[in-house]
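Chain letters run A, B, ... following the sequence lines, proteins first and then strands; every chain starts at 1. These numbers come from a predicted model, not from an experiment.
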Amino acid sequence: MTGSLLDPYTSLVERLADLLSEVTGADRLEVWRLIQPPPREEYGDLGFPLMRYARRAGVDPSRAAESVSEGLKTSGFQWVSVELAGGYLNVKIDAGVLASELAALYSKGWRPRVPGAVEPLRVVVEHTSANPIHPLHMGHARNTALGDTLARLLKARGHVVNTRFYVNDAGLQVAYLVLGLRLAGIRDLRREAEKLRLKVDELAGWVYAVTHTSIEAVEESRKVKAGEGDKARLEELAMVLAKLRESDPGGFFDKIFHGIESIESPEAAVQEIMRRYESGEEPERSEVRRAAEAVLEGFKSTLSRLGVSFDDWDWESDLLWSGAVSRILEEARRSRYHTIYKGAEAIDIPKIIKELVEPDPEARKAFKLPRTLEVPPMILVRSDGTTLYATRDVAYTLYKFKAFNADKVINVVGADQRLEQLQVRLTLLGLGYRREALNTIHYDYEIVRLPGRRMRSRRGEAVWLDDVLEEAKARALEEVRSRNPEAPREWIEETAEMVAVGAVRFALVQTSAPKPVTIDIDRILDLQENSGPYLQYTHARAAGILAKHGPIDWQAVDPEACKEGGRRSLLIKTSRLPLVAAKAADDLAPEDLATYLLKLADQFNSWYQRDSVIHEPDKGARECKALIVYHFKENLALGLNLLGIPAPERM
RNA sequence: GGGCCCGUAGCCUAGCCAGGAUAGGGCGCCGGCCUUCGGAGCCGGAGGUCCCGGGUUCAAAUCCCGGCGGGCCCGCCA
């Protein structure tokens, strides 16, 4: 079963963690995380701050080092040496042995893999969850790229992962779309889009923007006539409408706009659609569903380009119709934290904090509450009795735990929804769902901005993901074609698509999640260093070298030749990938993997330039170099796959 | 007003959680490398008050306190 074997480097680190944990009595995971390459290569290949831990455990550091050294020897790691220096336990690897062992593995068709977590969990990752009213924009794309990469990392780490998309069909937004479709006379969104040769979500987005903006404009203009409106705002809206009218795909604009003008209270009409939908009345029930489903079709086609799919699609309305939301409401009413706030039914969050979080160290840690933050009560229902988003989210979070029998639920949601997410988790705690509350993670990331302004998709002001992908593909196409003039059309097309996906996905995960990101299309589409295509190119280059070299004679790899500085360094650096990925999974930090891959590719590129593989006259050395290239390519491919980036053999 | 996040060369970014040696990359700029495995590359150069001020420490980009700047949140919106 070579498929489940770890590479020797990763096994070494795992064994080292066992031994260090035994010797110091420290937590194995904590120890494992701290085993890292020292700042300088001459110190060794791996280091651990043993002094700190030995002292804490009351053990003599040099004795501890000795016992670790013996432990390694007896478990088959005779090829490493251990020394204590500057408070650190440093480990030096015999690169020759590492190379031989890798050659033996690869000769049997083995492939690198991420070491499994000690405790595999069942994890739900909910991400993207865009309103089904317009195409996915670059804001959603960051969510998608982060969420999908997290799911891939967690899976690779041995967790059982379930990805879910939450369809927000019980909000006013879809009602706007439905009203617009009615006025435009569009019965079947999908067929209409087909007829107009538009993507279905694109057509929906236009209708939605026109409807929403028209309503705003009509309401504002009525106010102005009554002498209390904002004229500047009205003018701005008129300009937006003029632009939308220009992009009218099929003579719908006037129908929608005048239709809205003729309605006494358009906002009330929208609310009425929603009210009827929530209570499951026809025709709204099928109208809303059909519209939302059509838009989701559009999402799916965009997402599949990015290699993203979902295990489950959850409809907010199903939570209402199944009674899950009313059950939560009942529980809330029976709870001792039920209260009245501003005249509405609410959950007394401050009381939950005081009674359930502050005395509970585990909860305090999980919630990381600021010292003086006063989280307001969470209102459960409107005075008209309908539920609010947050209430439904409480029901949904519980549903996710139940539906997948999950140990952990990760919600990839923008940082702007921090307070709401906190309220939801605290409400769960208050209702007695402590395990769920403590194991719900709000994976927050800073939202994407356009240069100088926020995206306002309700006005049609957003950068659509489809457009960015198309533009990326167009640029890649030009590049690929000029490099491969003789290649078949189809191949060029496929390759350009891979490059486009690589460019977009990499750009969206390389910056750490809490940093705000401003969309700069030119930067995303930059195919040079520090980019997805750079990694892909490096992969293709390694593949090219191997193709030219031909099959590797694994037995002929000369271990001594692998000890030469540049080769040794690359061999060992490459071997880190599985551990870097494992750590990125544990830390929920895809950007760490992205950063590592860039550095690794840099090192490969500068090495291969100096140390020719194919022109190496010595057979043993040549096969050693081929092994290094192969090792590099396999690991890079694994890393790219975890980021959802295709790894082309040629480009 | 309160809270959270961010602040590292002209621009973008790593390092910060677990303090330690010349703060790594990239874009752009300047100069080299196509008879040598793929130039989406390689080699070299210029460019830095790590936002500011205190504090802790033998040692601070990193930890603590106080500011400043930007963003977000504090809805019977989602």
Side-chain angles (χ1 to χ4, degrees), chain A residues 30 33-34 36 39-40 49 52 86-87 129 131 133 168 170-174 316 341-346 368-376 379-393 414-420 422-423 444-447 449 454 476 479-480 482-484 499 502-503 507 510-518 520 522-523 526-538 540-549 587 589 591-592 594-596 598-599 601-602 604-616 622 625-626 629 650-651:
Chain A
E30 187 184 337
R33 295 175 59 78
L34 287 174
Q36 278 170 7
R40 289 162 167 239
R52 209 193 297 163
S129 301
N131 282 336
I133 45 173
N168 302 122
L172 252 14
Q173 310 308 321
V174 271
E316 194 177 5
Y341 177 67
K342 290 188 185 173
E345 285 187 69
K368 273 183 249 142
L369 291 174
R371 294 160 287 288
T372 53
L373 173 65
E374 285 181 26
V375 185
I379 293 175
L380 292 162
V381 287
R382 298 190 183 90
S383 13
D384 70 359
T386 57
T387 54
L388 275 94
Y389 178 80
T391 314
R392 302 195 285 258
D393 211 8
D416 52 341
Q417 289 179 49
R418 259 198 184 122
L419 190 62
E420 189 267 345
L422 184 62
Q423 285 182 325
D444 56 337
Y445 62 94
E446 270 301 326
I447 49 164
R449 304 171 53 77
R454 261 192 101 151
E479 190 80 23
V480 176
S482 75
R483 286 158 185 275
N484 305 275
V499 172
Q510 71 171 328
T511 306
S512 58
K515 284 215 188 204
V517 167
T518 301
D520 179 340
D522 285 324
R523 199 178 294 282
D526 187 358
L527 309 179
Q528 298 188 47
E529 247 175 286
N530 250 1
S531 74
Y534 168 71
L535 294 176
Q536 294 174 307
Y537 182 77
T538 307
R541 165 181 283 159
I545 292 171
L546 291 171
K548 201 153 274 185
H549 173 277
D587 292 346
E591 69 275 14
D592 289 355
T595 304
Y596 162 83
L598 285 178
K599 278 191 188 157
D602 284 346
F604 176 80
N605 280 320
S606 67
W607 168 73
Y608 108 98
Q609 202 95 12
R610 294 191 308 267
D611 200 5
S612 175
V613 177
I614 291 168
H615 303 281
E616 168 63 52
R622 191 166 66 242
K625 292 184 195 176
V629 177
R650 268 191 65 198
M651 62 189 266

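Remark: B:rA9 base-pairs with no nucleotide in the shown strands. Criterion, Watson-Crick or G-U wobble with two distances under 3.5 Å. The partner of B:rC76, taking Watson-Crick or G-U wobble pairs whose two distances both stay under 3.5 Å, does not exist in any strand shown. Across all strands shown, B:rC42 pairs with B:rG32; the Watson-Crick or G-U wobble distances both stay below 3.5 Å. Across all strands shown, B:rC63 pairs with B:rG55; the Watson-Crick or G-U wobble distances both stay below 3.5 Å.
When the P atom is used for both B:rA18 and B:rA23, the distance is 23 Å, rounded to whole Å. Spacing between B:rG19 and B:rC58 at atom C1', rounded to whole Å, works out to 12 Å. Going from the P atom of B:rG26 to that of B:rG41 covers 10 Å, rounded to whole Å. With C1' as the reference atom, B:rG31 and B:rA46 are 11 Å apart, rounded to whole Å. Rounded to whole Å, the C1' atom of B:rA9 lies 16 Å from the corresponding atom of B:rC30. Distance noted for atom C1' between B:rU56 and B:rC77: 46 Å (whole Å). Across B:rG48 and B:rA61, the matching C1' atoms stand 12 Å from one another, rounded to whole Å. A gap of 14 Å separates the P atoms of B:rC50 and B:rG24, to the nearest Å.
The phosphate of B:rG71 (OP1 or OP2) has no side-chain N or O of A:Lys515 nearer than 4.0 angstrom. A sub-4.0 Å separation between OP1 or OP2 of B:rG15 and a side-chain N or O of A:Thr595 is absent. Applying the 4.0 Å criterion to OP1 and OP2 of B:rG28, one finds that A:Gln528 has a side-chain N or O inside that range. Under 4.0 angstrom from either OP1 or OP2 of B:rG38 there lies at least one side-chain N or O belonging to A:Lys548.
For A:Gln510, the side chain to side chain donor-acceptor pair (under 3.5 Å) criterion is met by no residue, not counting sequence neighbours. A:Thr391 meets the side chain to side chain donor-acceptor pair (under 3.5 Å) test with no other residue; sequence neighbours excluded. Judged as a side chain to side chain donor-acceptor pair (under 3.5 Å), and not counting sequence neighbours, A:Ser512 has no contacts. Checked against salt bridge (Lys or Arg N to Asp or Glu O under 4.0 Å), A:Glu616 has the following partners two or more places apart in sequence or in another chain: A:Lys625. For A:Glu30, the side chain to side chain donor-acceptor pair (under 3.5 Å) criterion is met by A:Tyr53, not counting sequence neighbours. Residues meeting the salt bridge (Lys or Arg N to Asp or Glu O under 4.0 Å) test with A:Glu479, sequence neighbours left out: A:Arg483. Checked against salt bridge (Lys or Arg N to Asp or Glu O under 4.0 Å), A:Asp587 has the following partners two or more places apart in sequence or in another chain: A:Arg33.
A pairwise comparison of heavy atoms in A:Ile614 and A:His549 identifies CD1-N, 4.1 Å as the closest pair. A:Asp526 and A:Ser531 get closest at one heavy-atom pair: O-CB, 3.3 Å. Across all their heavy atoms, A:Val629 and A:Ala542 have their closest contact at CG1-O, 3.6 Å.
Atom CG in A:Asp602 sits 3.5 Å away from atom OH in A:Tyr534 (nearest 0.5 Å).
Side-chain proximity of A:Arg523 to B:rC5, B:rG26, B:rA14: nearest is B:rG26.
Counting any heavy atom pair closer than 4.0 Å across all strands shown, A:Ser512 reaches sugar-phosphate atoms only and no base atom. Among the protein residues, A:Asp611 comes within range of the nucleic acid bases, having at least one heavy atom under 4.0 Å from a base atom.
We find that CG of A:Leu419 is positioned 10 Å from C1' of B:rC4, with the value rounded to whole Å. Regarding A:Leu527, its CG atom lies at a distance of 20 Å from the P atom of B:rG38, rounded to whole Å. Going from atom CZ of A:Phe604 over to atom C1' of B:rG38 covers 10 Å, rounded to whole Å. A:Asp592 places its CG atom 16 Å from the P atom of B:rU13, with the value rounded to the nearest Å. Between A:Gln36 atom CD and B:rG20 atom C1' the separation is 15 Å, expressed in whole Å. One can place CZ of A:Arg52 at 10 Å from P of B:rG20, the figure rounded to the nearest angstrom. As rounded to whole Å, 9 Å separates atom P of B:rA14 from atom CD of A:Gln510. Between the CG atom of A:Asp520 and the C1' atom of B:rG26 there is a distance of 13 Å, rounded to whole Å.
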Please tabulate the protein-to-nucleotide N/O contacts below 3.5 Å involving nucleotides 75-78 of chain B, giving atom names and distances.
unit_1, atom_1, unit_2, atom_2, d
B:rC76, O2, A:Ser383, N, 2.5
B:rC76, O2, A:Ser383, OG, 2.7
B:rC76, N3, A:Ser383, OG, 2.5
B:rC76, N4, A:Lys342, O, 3.2
B:rC77, OP2, A:Arg382, NE, 2.9
B:rC77, O3', A:Arg382, NH2, 3.3
B:rA78, OP1, A:Arg382, NH2, 2.3
B:rA78, OP2, A:Tyr389, N, 3.1

Please write out the pairs of protein N or O atoms and N or O atoms of nucleotides 42-44 of chain B separated by less than 3.5 Å, giving the distance to one decimal.
unit_1, atom_1, unit_2, atom_2, d
B:rC42, OP2, A:Glu529, OE1, 2.7
B:rC42, O4', A:Gln609, OE1, 3.3

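Glycosidic conformation of B:rC4 is anti; the angle lies outside 90° of 0.
A:Thr387 is not listed as a side-chain neighbour of A:Leu380, based on a closest heavy-atom distance of 4.5 Å or more.
Looking at which nucleotide of RNA chain B each of A:Asn530 and A:Val517 is closest to, the 5′-most match is held by A:Val517.
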